[in-house]
Structures are given as C-alpha cells and as structure tokens.
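Worksheet: one structure, shown below.
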Amino acid sequence: MGENLVIVESPAKAKTIEKFLGKGFVVKSSFGHIRDLAKKDFGVDIKNQYKPIYIVPEDKKKIVSELKKFTKSAKLIWLASDEDREGEAIAWHLSEVLGLTEENTRRIVFHEITKNAIRNAVDNPRKINYNVVQAQQARRVLDRLVGFKLSPLLWRKIKPSLSAGRVQSVAVRLLVEKEREILNFKTSSSFKVSAIFSFEDSDGKKVEIKAELSRRLKNLIEAQGFLRQCGQASYEIVRLETKSLKRSPAPPFTTSTLQQEAGRKLGFSVAQTMSVAQKLYEAGKITYMRTDSVNLSSLALNTVKKVIEGEFGSKYHQFRKYQTKTKGAQEAHEAIRPTYIENKDIDGPAAGVRLYNLIWKRTMASQMSNAEIEKTIATISISNMSDVFTATGEVIKFDGFLKLYSVTTDEDIENGSKTILPPLREGEKLNYEMITASEKFTQPPFRYSEASLVKKMEELGIGRPSTYAPTISTIQNRGYVVKEHLDGNERDIIVYELTEDKIRESKKREKYGREKSKLVPTDIGMVVNDFLIEHFKSIMDYNFTALVEKEFDEIAAGNLEWVKMIDTFYSDFHVRVEKTLKESEKTTGERVLGVDPDSGEEVLVKVGRYGPLAQLGKVREDYKPRFASLRKNQRIETISLEEALDLFKLPREIGDFEKNSMIVAISKYGPYIRHDGKFYSLTKQDDPLSINSERAIEIINTKRKEDSKKEIKIFSENKNLRILNGRWGPYISYEKKNYKIPKNYNPEELSLKDCLSIIANSKNKKSGKRKS
DNA sequence: CAGTGAGCGAGCTTCCGCTTGACTT
C-alpha cells in the first residue's frame, strides 16, 4: 500500500498521474465535488449568517467511503484538485469530510499533465487557501439564493416547474432580445452594381475581370439612370495598388471555441462535441476538454515544433504565446490539444476521428507562420461619372498556417471566395461585357446557434466551460427555447442587366431568412424573461455576473468577508422577492387581438397551463369561453386576429366514411383525421381548414395499406399480440407495449407461446428507475 | 402519440459548477 494518497478531480487524470509518480503513490479521484448544499430546507440557513448546509449527495457516498478507506492507510494526503475557485473548494471539502489535519495534508496544483509539472508540484506543496474557499462559498450561496428564491416565484406567478438563475435567465434574455430585434427589423432595399470588363492582353487574348461599384444605389430610378449612363461611358484602369497582408492563426482550442468550430465544421451540437471529446480524453488522446485556457505546455510546444518542421519545413514554424482575453477565465488547465501531437490520425469511431483531426490541425496551426497575402485593388474610372468601380483580387504568397487550418466565419460564407486577378496595368482601357444592378435587401441579424450563444456567454463571462452544454439543455428542457430549422421565405428582387447598350429588366426569386438549427425563444420564455426584467433588473443585467465576480475576487484576496457580501446582496434582493410575491398579479403575457365579428366576443392570446392559447371571450356567468392551442409556428407576439379566429374553426366534421364520421383537428403532433376511434395524420400539403371528405378517405386508405405491410404475423387466438416491422427491425407489440425480439429468433417462425415467453423474460429484467 | 385552459388546492418542481455514468425504449 502506498504511503502517499493523491486525490485529483478526474479519474482519467488519476491514471496518467499515477504513472508519472510511480511507487509509493496511490492516485484516486473525487469525481468533482463531493459535497453540495442540501436541496431540502433551502440548504442555506439565511437567519444564521447564511450558514451553508452541506451534505454528501447519494451518488457520491460510495466515492467518499472509498476515499476514507485509502486515507486511513496513507501517511500523507495530497489534495491535487484544480487550481481554481472550485478546485480549492473541493480540496477543502475533502479535508473536512475525510477529517484531514494540517500535518498529514498537502495541497498541490499543476496546470498541465506532464512529468515535470507534477514533480514540480510535489516539490512545492502549500496549504489550502481559505480565502479562495470562501469566494467559492459565496458563489455557491449566491446562486442558491437567486435560483431557489426566483424559481418558486415563477411557479406562483406564471407556471409550475419553471426555473430562473444567474446564468440561464440571462442566456434566455439574449435570445429573447435577438428575437425581438429580428421581429422589429424594418427591411429596406438598395441596388448593388457589379460589372464584367474585358481587355486584350499582350497575346491578343480576351481577358475578363469582375468589378464592383463602391457604393449602393438608392432605388430603381437611380439604378436605371446609372446603367443608362454606363452604356455611353468608356472605362480605364486608373490606379493599381497592391498591399501585402498578414493573417495569423487562431489560438488553440478552449471549450467554447471547440464547440463553435465543431458546430460550424462538423455540424455537432454543443452536447455532442462534449461527449465525443470526453471519450477522446478518457482514451488518452486529448488533454482535458473543459478549459478556458489557450496555453500549451512547453513540452507540447516542443513537440509541435518538431512535427511542423518535419512535416512542412522550418519556415512554417513560428513560436507563439497566446493570452486569454476571456472575462473571468481561471486557467486551471491547458488548452485542448492532442496528447501526442506526433499522432496525426487516430483509430476509432468516425465522430471521434473527425473531432481529433480538428483539434490536431488547430493545435498545429496555432504554432505555424503567418500567411502572407497580396491584395490587388484596381480602380476603374467611368468617363462620364465620378463614380468608380473596383476590382480586388487576393493572391496567397505564402500559405503558412493556411496549409492546415482556416477559421470560417459567417461573413466569409456570405461574401463568397476571394478571386484572383489576371495581370493588369494602369491605363488599360476596358470594355464592359455586362453591368448588373441587382436589388439587395438589408438583413436582420442572425439568430443564435447553440455555439454562438456559448460564444456570447463567454464574452459576458456568464457560465463556465463545464456548464455551457448543460445550460443550453436546461433552457430547452424548461421550454424557454426551441432549436429549430427556419424555412425562411421567398421574395422577388429586381435585376437590371446592361449588355451592348441595352438594359434588360428581370425579376428573380430570392430565398431569405432560412436558418438551420437556431435557438428560438418560446412564448413562455418571453413571458418569464419580461417578468424577471420587470422585477429583478439588476440580476438580469448582462453585467451582473461580472460585478459579483469582482467581489468574489475581493473575497479571494482577503479584502472582503463573504457573509458581508452575501448580506449586502440579499437584503435588497429579499425585499424585492417579497414585494413581487405580494403585489404582482399572475402573469400570462395576455394580448388582446380584437373582436370576433361573428360572436362579438373579444379574442385574446396568452400562455396557459399547457402552453400558448387563443381564447374567445372572457368568463361570465352565462358564458364559457372557447379555447384553442396556438400552432407550432405561431407566437403570441406576432399572431394576427384572422389567424387566431381560424384556430376556432377546428375540430371540423367533414362527412361520413363507412358509417362513421370523420373529424379533422390539430393536436400537439399536428393535424389529423379521427375516424372510428383511429387517428390519421394529414400530410404537409393538406390544409385542415379546407380538406374534403374525398381526400380524407384517401389518407385513411393509404394508412391502412401501410399498416398491413408493417404486420409480420398476427395470431387469431390473441389479437392484442402482433409481430411488427418497425424502425429498428421486427418487434413484438403487446397490450400497447413493445418488446425486443432476441437475435437468435426468426420473427416469422415465432409461435404465440414463444412470444409470451419473450415478453415474460423481458419483464423479469429489473426496471431500474432511479431518483436523481 | 392524438385534449387540456373555471374551481377545492395535496405535493411536486428549482440554482451553478465540479465530475462521470446509465442507457436505448
């Protein structure tokens, strides 16, 4: 048994470190925090100096008892949790729970998992820094106060099970404000002029260049007039400039930039990126994936240098040291990089391989030379106007890091790729081949994707690498936000083309507003957001986290008592909570749309118990209002009176079929026909308001045909039991439940008895439901 | 899979940050 017990946070880390430390050291992991505030009874004794009530959560008890066992047989305990606020707190909780003393405890830290760093740490132990622990305690208690006071307020005033918190509520606010910016956006159009010019080169060959007018034209009259003038003009290159530009690589990955690039380049969701990265980390392929640091260990820097020089030559290498600009970064780890940079490729599942390659390239590129680019700008005069055209071209003189990696931004995608210009000279006379003025509409801002929201949150210092992905799941799970593909719309744009002194007008269809996988706030998200902003402006402020972080820093530096800080915050906060509880009405986000011309009743929309709804008339003694759920793409803020009135036209009876009536309605899952106790979905092309009985019968028959194909076998003895063909192959359906058919059976040869025994067997398996 | 939305008001929900599993119906 080792004399030394080292405790780190992550089990994968423990394995590596044990190798470095060798004999006499046992390395175990705490799996993160081992204690947390109790959930019941608030977990903070507010009246008693905000005393935190800590407990060991159920799922951590086993780990704690194991650590206790190892502690007993060790002479020295080395607390090697991360060097940041949370890590310091973990060290303290460990020392409390394991009953450690100052004599048998050493606190050590390292920022990189290399032999030298760890040796160095062991040689320079210190004590637990209680100021930092207090700063963490303040952070933890503040979050509990905010979360567990605001959430119940929402249950009372809006809807049960809702939640609010320092991080999630501000994330939702970002989305709500972006959405309103888009809703309120007033689009306008102008004309963009582009031209194709030609000239003969020294060999007499015709060469074409593309150019653009440096300004937009206001409207179609101006565009027509401009082109008319162009028809009469002559053109000349009056100036030729070249500029050399340098482009530098991006720093190595942090959690947030990895999520962004994996989203853009590989189409991964934030959660997917993290789970793939976790697997790579556990397999020892990459360094830790939850980090805000762009730093690389000196060992890594040396290997990168060697690999770049070996692979591309020494002029491709450039040593660089990056600095974190992120607010509140704690830099307890390295940047995300391959553990062994010499491994360009790895084996394993495709997602892991792709993410690894991305990390490898980014790490390598971050230590490569600048790209040198020569930009050429040709200015082309128009003889009868003072306006000029410009043609720009870019030539890469030295590719440098671009050999491996380039960051694609959303703007790049919009502007298209850069062009290369043919050899040009000043004074060259040009002929126009075609000059085009096409209408361009201004565009509202893009909505946030998961990754771009993470980027924004990081900029504001809200959330941490370990919480970006969970926060994004939370706001979706609470129903504040949905991830959507927005189809966009089409519109006509006017295009004028000038060729051979003739102007031709045409109209083109243009798609716009199409967005893939974007986060869109729901009605409930908006109502909750507005409520919180009205009553808790300071907590919803984008700077709130930054402000309290400053105070946490003061606590960590020993200049401020944590209880004092919390008390200052709470005394004001508490008053607001109580006031809101007493004074504010139940909030539904109600909006009155107008009056129904048929009934004379008022039409309104609001958030109800089960989501957004339209209501016809208010409750009176002699009148019960009608209700209808809003459809998926309808929003309280934008729905019109006409659209709301249409909702009350359903359910609709559209005739009989086989002596049973057919009723059309819309449910949570979309429009359907109900007939003889069965349900048939309408297709996207069918409009529930106008569908006729003929089409409805067609749908019913199609569905019946498909269903019969699904049946592999039925038993006349027991009609409840059927063998069906599903998405994942054959299965048994019995009394509304489905059962998997074990692989060694042939589904077509199963007897009723076989089926029942399969069902009995699968029922015997424990249905392990767990409380969390 | 396929609605619901008045009122008795039980008993439940909830935060942020550290970590990794349990699972596939």
Presence of [X] side-chain N/O under 4.0 Å of [N] phosphate oxygens OP1/OP2:
| X | N | value |
| --- | --- | --- |
| Arg464(A) | dC18(B) | yes |
| Thr467(A) | dC16(B) | no |
| Gln278(A) | dT20(B) | yes |
| Arg166(A) | dG17(B) | yes |
| Ser10(A) | dT20(B) | yes |
| Tyr468(A) | dC16(B) | no |
| Ser466(A) | dC18(B) | yes |

So what does [X] hit on the nucleic acid, given a heavy-atom distance under 4.0 Å: a base, only sugar-phosphate, or nothing?
| X | result |
| --- | --- |
| Leu162(A) | sugar-phosphate |
| Arg674(A) | nothing |
| Ser163(A) | sugar-phosphate |
| Tyr623(A) | nothing |
| Tyr288(A) | sugar-phosphate |
| Gly165(A) | sugar-phosphate |
| Ser30(A) | nothing |
| Arg85(A) | nothing |
| Arg144(A) | base |
| Pro470(A) | nothing |
| Gln168(A) | sugar-phosphate |
| Asp36(A) | base |
| Ala665(A) | nothing |
| Val167(A) | sugar-phosphate |

Side chain to side chain contact (heavy atoms under 4.5 Å, CB included), that's the test. Do Trp562(A) and Gln136(A) meet it? Break it down for me.
CA-CA 9 Å; Trp562(A) 81 268; Gln136(A) 193 274 346; over 6 Å; no
Closest to the [X] side chain, choosing from [options]:
| X | options | value |
| --- | --- | --- |
| Phe31(A) | dG17(B), dT20(B), dT13(B) | dT20(B) |
| Phe627(A) | dT19(B), dA6(B), dT14(B) | dA6(B) |
| Tyr610(A) | dG5(B), dG21(B), dT14(B) | dG5(B) |

Using whole Å, what does the distance between atom [atom2] of nucleotide [N] and atom [atom1] of [X] come to?
| X | N | atom1 | atom2 | answer |
| --- | --- | --- | --- | --- |
| Trp92(A) | dC18(B) | CH2 | P | 17 Å |
| Ile732(A) | dT25(B) | CD1 | C1' | 15 Å |
| Arg609(A) | dA6(B) | CZ | C1' | 10 Å |
| Leu37(A) | dT14(B) | CG | C1' | 13 Å |
| Phe569(A) | dC16(B) | CZ | C1' | 14 Å |
| Leu532(A) | dT14(B) | CG | C1' | 13 Å |
| Tyr680(A) | dC1(B) | OH | C1' | 15 Å |
| Asp41(A) | dT13(B) | CG | P | 13 Å |

- Message: Please determine whether side chain to side chain contact (heavy atoms under 4.5 Å, CB included) holds for the pair Lys149(A) and Leu153(A), giving the CA-CA distance in whole Å, both sets of side-chain angles, and the decisive distance to 0.1 Å.
- Response: CA-CA 7 Å; Lys149(A) 286 284 174 189; Leu153(A) 195 57; over 6 Å; no
Practice problem: Answer yes or no: is there an ion pair linking Arg290(A) with Glu86(A), defined by an N-O contact shorter than 4.0 Å? | Solution: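 Salt bridge flag = no for Glu86(A) with Arg290(A).
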* Can Lys537(A) and Asp541(A) be counted as an ion pair, charged N to O under 4.0 angstrom? ->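 Salt bridge flag = no for Asp541(A) with Lys537(A).
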message: Would the distance check show the side chain of Gln330(A) and the main-chain N or O of Asp84(A) forming a donor-acceptor pair, the cut-off being under 3.5 Å?
response: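 No, Gln330(A) side chain to Asp84(A) backbone: no donor-acceptor pair under 3.5 Å.
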Just by modelled atom types, is the His33(A) backbone N or O under 3.5 Å from a matching donor or acceptor in the Lys60(A) side chain?
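Yes; judged by distance alone, with no hydrogens or angles, the pair exists.
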- Partner of Ser81(A) by side chain to side chain donor-acceptor pair (under 3.5 Å), out of Glu88(A), His93(A), Glu9(A), Arg107(A):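 It is Arg107(A), the one option of Glu88(A), His93(A), Glu9(A), Arg107(A) that forms the side chain to side chain donor-acceptor pair (under 3.5 Å) with Ser81(A).
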- Task: Provide the distance between the two C1' atoms, one in dT13(B) and one in dG9(B), to the nearest whole Å.
- Result: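 Pairwise C1' distance, dT13(B) against dG9(B), rounds to 16 Å.
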